[in-house]
Amino acid sequence: MFYPRLFSMPTFSSPRPFEELSRMRRQMDRIMDSLMERQTSIMGAGVFPAINLTEDENHFYLRAELPGVMTQDLDIQATARNLTISGERKLEVEGESAKYHRREREGGRFSRAFALPKEIDAERIEARMRNGILTIKVPKAESAKPRRIAIES
Amino acid sequence: MTDVNVNKELKIKEKQEVATPAEQTRPGAIFAPHVDIFENDNHLTVLADLPGVTTDKLNIDLRDNVLTLVGDVSPYEGPDEKDLSIEYEVGRYYRQFTLSEVIDQSRIEAQLKDGVLRLTLPKVEKAKPRSITVSAE
């Protein structure tokens with residue numbers, strides 16, 4: 001580090017002004033990192049519905065919050081690696097006399113294609129709707145499952 | 001919904017995180033559920049989206065004209081599952097409303113179906129509008 005001597009400024013209150021600066025820069029980096037992280041995790045693809053994808057050894061699990069969506073209004077299609085979830089959220093029509101104070105819930109159509117990281121067994125996909133949460137259990141294809149390799153000694 | 005909205009495309013709506021008046025003893029995010037509130041001559045109706053909340057985890061409280069909805073969501077992931085991509089978070093639902101109408105507490109009805117709560121709050125008799133006819137002599 002040569003610059004403290006080059007730019008030595010006696011007016012600075014801190015004996016090492018550049019140390020202070022680099023500390024501030026580190027702090028900024030941290031703030032930016034946490035912001036970016038949050039954005040990617042929450043914004044996702046920006047297409048309704050938001051999907052959480054998890055996996056265990058043999059399955060992928062896709063979950064989406066779809067309150068008030070009837071199973072007959074949902075359509076799930078699968079190919080070797082892709083899933084398409086489409087449907088419509090129909091809101092009940094209230095009587096003529098209803099005067100609204102707040103209207104935050106929305107109805108409408110939606111469609112989302114989702115690519116899974118590995119090949120799947122499209123024949124054995126199970127989908128279940130419970131308490132407004134759609135859970136799709138997707139078995140991994142045999143070829144995509146991890147295999148233990150025996151080591152010969 | 002109505003014919004007007006049939007071709008409407010649903011947009012993603014971020015869950016709104018809220019701060020509760022008192023600090024929580026349990027860590028975790030708290031979200032404000034999306035609601036519809038409407039009234040007619042006899043009832044005030046609250047519809048709230050509470051995906052993942054079961055009837056035993058839902059608490060509805062009405063006192064001093066303040067309606068409180070609290071819904072707990074138990075995590076629905078299995079113990080062996082690993083996260084690959086997370087687009088929404090789950091947590092407790094919490095929302096409070098101050099009601100201007102006088103509500104008949106004994107006849108409140110609540111129904112939770114497919115993650116949607118429908119809360120019917122009947123207005124008490126005296127609060128119902130009554131048209132007054134003026135008779136001219």
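Reminder, nothing fancy here: chain letters follow the sequence lines and each chain counts from 1. Keep in mind that the numbers below use all heavy atoms, side chains included, and drop hydrogens, waters and symmetry copies. In this text, all values refer to a predicted model and were calculated from it rather than measured experimentally.
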From the list B:His34, B:Glu81, B:Lys82, the residue making the most non-hydrogen contacts under 4.5 Å with chain A is B:Glu81
Largest heavy-atom contact set with chain B, pairs under 4.5 Å, which of A:Glu55, A:Met70, A:Glu106: A:Glu55
In this structure, CG of B:Leu47 is separated from CZ of A:Arg103 (nearest 0.5 Å) by 10.0 Å
Just verifying a value: how many Å separate B:Thr45 OG1 and A:Tyr100 OH, rounded to the nearest 0.5 Å? 9.0 Å
dist A:Ser97:OG -> B:Asn42:CG (nearest 0.5 Å) comes out at 8.0 Å
May I ask you to say whether A:Glu104 pairs ionically with B:Arg95, meaning some side-chain N is under 4.0 Å from a carboxylate O? yes
Tabulate below the donor-acceptor pairs under 3.5 Å that side-chain atoms of residues 114-122 of chain A make, not counting sequence neighbours, or state none.
unit_1, atom_1, unit_2, atom_2, d
A:Asp121, OD1, A:Glu123, N, 3.4
A:Asp121, OD2, A:Arg124, NE, 2.8
A:Asp121, OD2, A:Arg124, NH2, 3.1

Spell out the residues in residues 64-77 of chain B that have some non-hydrogen atom less than 4.5 Å away from a non-hydrogen atom of chain A, in order of number; otherwise answer 'none'. B:Tyr76, B:Glu77
Tell me every residue that passes ring-ring contact (aromatic ring centres under 6.0 Å, His included) with A:Phe110, counting only those two or more places apart in sequence or in another chain. A:Phe48
If you tally heavy-atom pairs under 4.5 Å against chain A, which of B:Leu50, B:Val116, B:Thr55 wins? B:Val116
Pair count under 4.5 Å, heavy atoms only, with chain A: among B:Leu84, B:Val46, B:Leu112, highest is B:Leu84
Closer than 4.0 angstrom, basic N to acidic O: yes or no for A:Arg112 and B:Glu87? yes
If I measure from the heavy atoms of chain A, does B:Val53 come under 4.5 Å with its side chain, its backbone, both, or neither? backbone
Take a 6.0 Å sphere around CD of A:Glu57 and say whether it holds more than 12 heavy atoms from other residues, nucleotides or ligands. no
Would a single hydrophobic cluster contain both A:Ile125 and A:Tyr61, if residues Ile, Leu, Val, Met, Phe, Trp and Tyr are joined by side-chain heavy-atom contacts under 4.5 Å? no
Reported CG-to-CD distance for the pair B:Asp36 and A:Glu92, which is rounded to 0.5 angstrom: 10.5 Å
Determine whether A:Met129 and B:Asp114 make a side-chain contact, defined as any pair of heavy atoms from C-beta on separated by less than 4.5 Å. no
So salt bridge (Lys or Arg N to Asp or Glu O under 4.0 Å) across residues 71-84 of chain A, not counting sequence neighbours, yields A:Asp73-A:Lys90
Highest number of heavy-atom pairs under 4.5 Å with chain B among A:Asn52, A:Val69, A:Thr135, A:Ile133 belongs to A:Asn52
Flag the one option from B:Ala48, B:Gly115, B:Pro33, B:Pro51 with the top tally of heavy-atom pairs under 4.5 Å to chain A. B:Pro51
B:Leu10 side chain reached by A:Glu88 side chain, heavy atoms, under 4.5 Å: no
Under 4.5 Å between side-chain heavy atoms, hopping through other hydrophobics if needed: is there a path connecting B:Ile108 to B:Leu99? yes
Most contact-rich option vs chain B, by heavy-atom pairs under 4.5 angstrom, among A:Pro49, A:Gly132, A:Gly95, A:Ser111, is A:Gly132
How close do A:Asp56 and B:Asp80 get, heavy atom to heavy atom, and via which atoms? CB-O, 3.8 Å
Hey, what do you get for NE2 (A:His101) to CZ (B:Phe38), rounding to the nearest 0.5 Å? 10.0 Å
Are the charged groups of B:Arg118 and A:Glu94 less than 4.0 angstrom apart, N to O? yes
Per-residue contact mode, A:Arg63 against chain B (heavy atom under 4.5 angstrom): both
Counting only heavy atoms not in B:Lys113, do more than 12 sit closer than 6.0 Å to its NZ atom? no
Heavy-atom pairs under 4.5 Å with chain A are the metric here; pick the option from B:Leu44, B:Asn40, B:Asp49 that has the most. B:Asp49
